[in-house]
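Naming: A, B, ... by sequence-line order, numbering from 1 per chain.
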Amino acid sequence: MDIDDMTSGIKNVKPRWDVQAVEAKWQRIWDERGAFRAVDFSSKPKFYVLSEFFGPSGKGIHLGHVKCFTPTEIVARYMRFKGYNVLYPVGWDAFGLPTENYALKTGRQPDEVTRDNIAIFTRQLRRMGFSFDWSREISTADPGYYRWTQWIFLKLLEKGLAYKTKGEVNFCPSCQTVLSNEDSQGGICDRCHSPVAKATRDVWYLRMRDYSEKILEAVEAIDMKDGYKEAQRNWVGRSAGAVAEFGIEGSEESIRVFTTRPDTIYGATFMVLAPEHGLVAKLMDRIANRDEVLEYQRLAAGKSGIEKQESADKTGVALEGVSAINPVNGARLPVFIADYVLASYGFGAVMAVPAHDGRDFDFAKKYGLPIIEVISGGDVAHEAYEGDGTLVNSGMLNGMRTAAAKEAMTEHLRKMGRGEARINYRMQDWPFNRQRYWGEPFPIVSCPKCGHVPLDEALLPLVLPKTGDFSPDPQGNGPLSKLTDWIRCACPVCGGPAKRESDTMPNWAGSSWYWLRFLDPENSESFVSREKLEYWGAVDLYTGGTEHVTRHMLYAFFWHSFLFDMGAAPHKLPFSRRMCNGLILDEAGRKMSKSSENAIDPVLVIDRFGADVFRLHMMFIGEYEQNTAWTFKGITGITGFLNRVFDMQGMIEGDGVSPKHESLLHRLVKKADTGIYDIGGGKKEHNDFKFNTIIASMMEFANEIRGDGYITKEEYRQFLIVLNVFAPHLTSEIYEAVFGGDIMDQAFPSYDEGKLVGSSVEIPVQLNGRLKALISVERDEGQDSVERKALAALGIDGPADKAIYVKNKIINIIKR
RNA sequence: GCAGGCAUGGCGGAACUGGCAGACGCGCACGGUUCAGGUCCGUGUGAGGGUUACUUCAUGGAGGUUCGAGUCCUCUUGCCUGCACCA
């Protein structure tokens with residue numbers, strides 16, 4: 001579909017200025033003047049604003065980019081007017097599967113594809129007129145950049161936060177690579193949307209779980225909507241409880257469980273292990289129903305995450321001949337394996353208390369296991385009671401309340417040497433290697449004698465070698481393993497024959513620290529200079545997609561906390577404030593993605609309407625954080641508005657601010673000054689990012705001017721500055737024509753609280769809460785005289801029973 | 001199941017700490033300009049009733065607090081978005 005089809009049926013409003021020429025002219029001027037350069041160590045206050053950098057696909061920018069970047073662009077221009085040294089950088093998250101898959105499909109080299117795509121993005125973004133500091137452009141696939149990604153990995157390794165082991169991980173059969181939990185949310189590959197399988201592989205893990213508390217600290221400290229914090233807390237999944245150790249009858253082995261309810265331990269009537277629990281193999285020769293157990297294990301291993309979700313019904317198999325012993329009362333408990341217990345959480349085993357846990361209850365009912373009530377308050381014959389209450393049937397705990405009993409039992413277990421208090425986390429360590437080509441090579445050599453040996457830092461970057469064959473290997477080896485000359489090397493420690501690591505890092509590696517590199521993109525001595533880190537500090541405002549809240553952001557918190565701990569970053573938090581933009585939907589309300597049919601190419605919109613109109617329209621049709629259905633309806637209203645702004649050049653009369661327009665202008669300036677961005681931040685509630693209503697206020701102002709037929713020079717000047725942050729091209733052009741010079745040299749206009757209301761105000765008069773009349777009063781007029789006017793307007797003799805007057809707003813007369 | 005969010009005209013959406021509901025824009029109607037269409041300019045536009053003055057009803061639904069509720073409280077319905085057998 002071309003632009004004419006898409007815009008058929010809407011008014012054909014012609015702009016009265018040469019849109020394309022004006023926009024090209026100012027983009028060139030800004031470029032020549034280096035207008036958006038952020039200045040290191042400037043004496044102005046710093047302001048660092050960032051939207052998530054671009055994954056440069058071949059399709060170019062999409063509407064989601066425009067929705068995401070226009071707000072930060074507006075904030076950046078606004079903050080420059082407010083006298084800040086603004087850093088608003090641009091870069092490329094260039095490694096990763098989309099580029100690699102595209103290169104495979106088209107038979108081209110990923111680095112060439114990346115270079116071409118970056119060129120496309122650059123051209124398009126310049127045409128949007130975004131005020132990026134292009135001199136700080138970075139790409140994660142550039143050796144000068146990924147040298148430092150590799151360096152951070154070596155530091156993680158040095159501090160014991162990276163390790164390689166065999167582990168069960170998510171594996172995408174289609175992309176033929178290992179994925180992290182964050183990459184396979186809902187059991188679906190984030191890249192190709194295939195169902196994810198489980199596989200046992202050699203995995204490089206990063207000890208992200210060790211950073212759970214620090215990540216949670218960052219979650220609490222960053223200024224961000226509660227919903228996102230909650231999603232992040234859930235992802236980390238902190239829960240406080242105890243570990244308890246149950247013996248195995250006639251064996252040295254024991255079952256360790258994590259429980260949040262140590263108070264219910266007297267109610268445990270059986271134990272459940274995850275099917276793949278290591279103990280099963282160890283006890284195999286005592287298990288009477290070996291075949292049945294092995295069969296169940298085999299079935300459970302084959303189930304995907306989705307299959308497990310679909311079968312809510314609980315299944316399991318008893319380990320016949322195995323009994324566990326409750327450490328507190330010596331009770332003999334049967335032991336089961338069942339796939340409702342997850343190997344990856346806690347110890348992969350639970351003490352089952354059917355009276356007080358819904359899942360255990362279901363399982364007990366199905367297999368006819370006893371249910372013992374130990375907390376009073378429910379009806380455990382019919383359903384599990386998970387609430388608090390008083391302990392019964394619980395020996396030493398009887399009569400205690402839940403909270404006290406938890407504490408007492410935890411202490412009791414500790415004294416017995418059979419348990420202790422424990423905080424457990426749902427979040428897993430981060431599987432960090434991918435069996436794909438287009439990523440950062442690991443600076444690691446594998447030596448038969450010395451194990452995994454890191455390369456010397458001085459040898460970084462370990463450059464990704466060029467190869468004609470970078471297709472994934474069905475055996476699950478990284479494509480680099482085919483490059484035998486590159487793989488073979490000498491061990492840095494013993495000099496003997498060794499091999500390089502052939503896997504590469506995931507596409508989230510380079511994005512886990514990139515905001516820091518913008519501070520010092522050319523540095524070849526360190527990842528960022530200390531002085532620049534100290535000058536710029538945290539990103540003041542960071543925006544991006546909601547989908548990155550439980551992924552990129554958690555990785556970012558992890559790496560940043562690590563860099564802080566090792567003393568490499570002087571500030572604790574990477575970002576001060578985070579906002580997430582809503583999605584762009586098509587007119588039918590479906591998600592508009594760049595791959596789908598319904599996508600609208602932003603370039604067509606620029607060609608037809610220009611960047612100024614496009615930006616205003618995008619901001620006008622919906623709120624930043626809400627999903628927005630894209631439509632061309634109404635876009636001509638924006639063109640008409642800018643036409644009227646353009647026409648004001650012929651309506652200039654007088655200087656100063658006319659009394660007629662004074663309160664209107666002050667209200668507009670206040671609306672913009674408070675509604676674009678809350679400077680200072682730190683507040684719980686923000687009242688900014690109100691771009692749609694600021695545009696409405698500008699339209700109101702323009703309507704008033706048109707009605708009056710004149711605008712003063714000073715009014716026009718202030719109005720153009722406000723509009724400039726939204727529509728920089730046209731306003732620069734008009735400003736130059738009317739006033740001479742560059743509008744960007746101006747300061748943002750100021751407003752006066754005392755001038756927001758005109759000298760006389762029209763207020764509604766209510767009688768018993770019903771609107772009856774309007775009266776005109778002086779600004780701040782006293783209640784007595786307003787009340788007299790109101791009574792007169794209502795035609796009432798004598799006093800009111802009561803009168804409520806809200807100054808300059810409303811008066812309500814009560815007369816029964 | 002748990003958590004978070006949303007609900008206002010024909011449509012997108014306004015409404016600051018409770019204070020004229022529907023700003024602004026689109027659409028629509030009528031009028032002007034035009035040979036005509038488009039553009040442009042003007043007027044009107046929540047629903048019902050009345051010839052007018054006016055009046056009743058309206059922010060998913062039901063109650064409540066208040067002089068006054070889209071906004072606060074209780075209950076309820078529908079939709080969206082995360083996480084989901086996490087012990």
Atom [atom1] of [X] to atom [atom2] of [N]: distance rounded to whole Å?
{"X": "A:Tyr345", "N": "B:A84", "atom1": "OH", "atom2": "P", "answer": "13 Å"}
{"X": "A:His617", "N": "B:G12", "atom1": "NE2", "atom2": "C1'", "answer": "9 Å"}
{"X": "A:Phe646", "N": "B:C40", "atom1": "CZ", "atom2": "C1'", "answer": "16 Å"}
{"X": "A:Lys225", "N": "B:G82", "atom1": "NZ", "atom2": "C1'", "answer": "14 Å"}
{"X": "A:Lys772", "N": "B:U56", "atom1": "NZ", "atom2": "C1'", "answer": "11 Å"}
{"X": "A:Phe691", "N": "B:G12", "atom1": "CZ", "atom2": "C1'", "answer": "18 Å"}
{"X": "A:Phe361", "N": "B:G1", "atom1": "CZ", "atom2": "P", "answer": "17 Å"}
{"X": "A:Leu585", "N": "B:C11", "atom1": "CG", "atom2": "P", "answer": "17 Å"}

I'd like the [atom1] distance from [M] over to [N], given in whole Å.
{"N": "B:C20", "M": "B:U74", "atom1": "C1'", "result": "29 Å"}
{"N": "B:A15", "M": "B:A87", "atom1": "P", "result": "41 Å"}
{"N": "B:A3", "M": "B:U71", "atom1": "P", "result": "24 Å"}
{"N": "B:U45", "M": "B:G9", "atom1": "C1'", "result": "10 Å"}
{"N": "B:G61", "M": "B:A53", "atom1": "C1'", "result": "36 Å"}
{"N": "B:C26", "M": "B:U81", "atom1": "P", "result": "31 Å"}
{"N": "B:C72", "M": "B:G5", "atom1": "P", "result": "12 Å"}
{"N": "B:G31", "M": "B:C24", "atom1": "C1'", "result": "24 Å"}

Practice prompt. Answer syn or anti for B:G32, where the cut-off is 90° from 0 on the glycosidic torsion.
Written response: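 Judged by the O4'-C1' to base torsion, B:G32 sits in anti, the angle falling more than 90° away from 0.
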Item to complete: Taking atom CD of A:Glu625 as the centre, report whether more than 12 heavy atoms of other residues, nucleotides or ligands fall under 6.0 Å from it.
Response: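 More than 12 heavy atoms, drawn from other residues, nucleotides or ligands, come within 6.0 Å of this atom.
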Practice prompt. Determine the minimum heavy-atom distance between A:Lys789 and A:Ser776, stating which atoms define it.
Written response: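 Answer, listing the atom of A:Lys789 first, then A:Ser776: NZ-O, 3.5 Å.
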Worksheet item: Any idea which heavy atoms bring A:Ala384 and A:Pro354 closest together, and the distance?
Response: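 It is CB-O, 3.7 Å.
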Less than 6.0 Å separating the ring centroids of [X] and [Y]?
{"X": "A:Phe336", "Y": "A:Phe363", "value": "yes"}
{"X": "A:Phe691", "Y": "A:Phe689", "value": "yes"}
{"X": "A:Trp630", "Y": "A:Phe614", "value": "yes"}
{"X": "A:His661", "Y": "A:Tyr710", "value": "yes"}

Discussion item. Treating primed atoms plus P, OP1 and OP2 as sugar-phosphate and everything else as base, which nucleotides of nucleotides 13-31 of chain B get B, S or - for protein heavy atoms under 4.0 Å?
Written reply: SS-B--BB--BBSSS----
Discussion item. Tell me whether A:Glu704 is salt-bridged to A:Arg706, with the criterion being a basic N under 4.0 Å from an acidic carboxylate O.
Written reply: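 Salt bridge absent between A:Glu704 and A:Arg706.
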Under 4.0 Å, heavy atoms only, any strand: does [X] hit a base, just the sugar-phosphate, or nothing?
{"X": "A:Arg16", "value": "sugar-phosphate"}
{"X": "A:Val272", "value": "nothing"}
{"X": "A:Lys670", "value": "nothing"}
{"X": "A:Arg770", "value": "sugar-phosphate"}
{"X": "A:Thr631", "value": "nothing"}

Worksheet entry | Phosphate OP1/OP2 of B:A87: any A:Ser239 side-chain N/O under 4.0 Å |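 Checking A:Ser239 against B:A87: at least one side-chain N or O falls below 4.0 Å of OP1 or OP2.
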Practice prompt. Could you tell me whether the side chain of A:Lys314 has a donor or acceptor atom within less than 3.5 Å of a complementary atom in the base of B:C85?
Written response: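 Counting by modelled atom types and ignoring angles, a donor-acceptor contact under 3.5 Å is found here.
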Worksheet item: Can you find a heavy atom in the side chain of A:Pro431 that is under 4.5 Å from one in the side chain of A:Leu179?
Response: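 SC-SC contact between A:Pro431 and A:Leu179 ruled out.
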Worksheet entry | Stacked cation flag A:Arg256 on A:Phe347, 6.0 angstrom / 45 deg |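 That pair qualifies as a cation-pi contact.
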Worksheet, complete the sentence: A correct dot-bracket answer for RNA chain B, with pairs being Watson-Crick or G-U at under 3.5 Å, [ ] for crossing pairs and | for inter-strand pairs, is (((((((..(((......[....)))((((((.......))))))((((....))))..(((((..]....))))))))))))....
Worksheet item: Taking only residues two or more places apart in sequence or in another chain, which ones pass salt bridge (charged side-chain N to carboxylate O under 4.0 Å, His left out) with A:Arg578?
Response: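 With neighbours one apart ignored, the set is A:Glu52.
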Worksheet item: When the nearest nucleotide of RNA chain B is assigned to A:Ala231 and to A:Asn424 on a heavy-atom basis, which residue is associated with the more 5' position?
Response: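 The answer here is A:Ala231.
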Worksheet item: Taking for each residue the nucleotide of RNA chain B with the nearest heavy atom, is it A:Asp357 or A:Tyr228 whose nucleotide lies nearer the 5' end?
Response: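 Nearer the 5' end of the strand: A:Tyr228.
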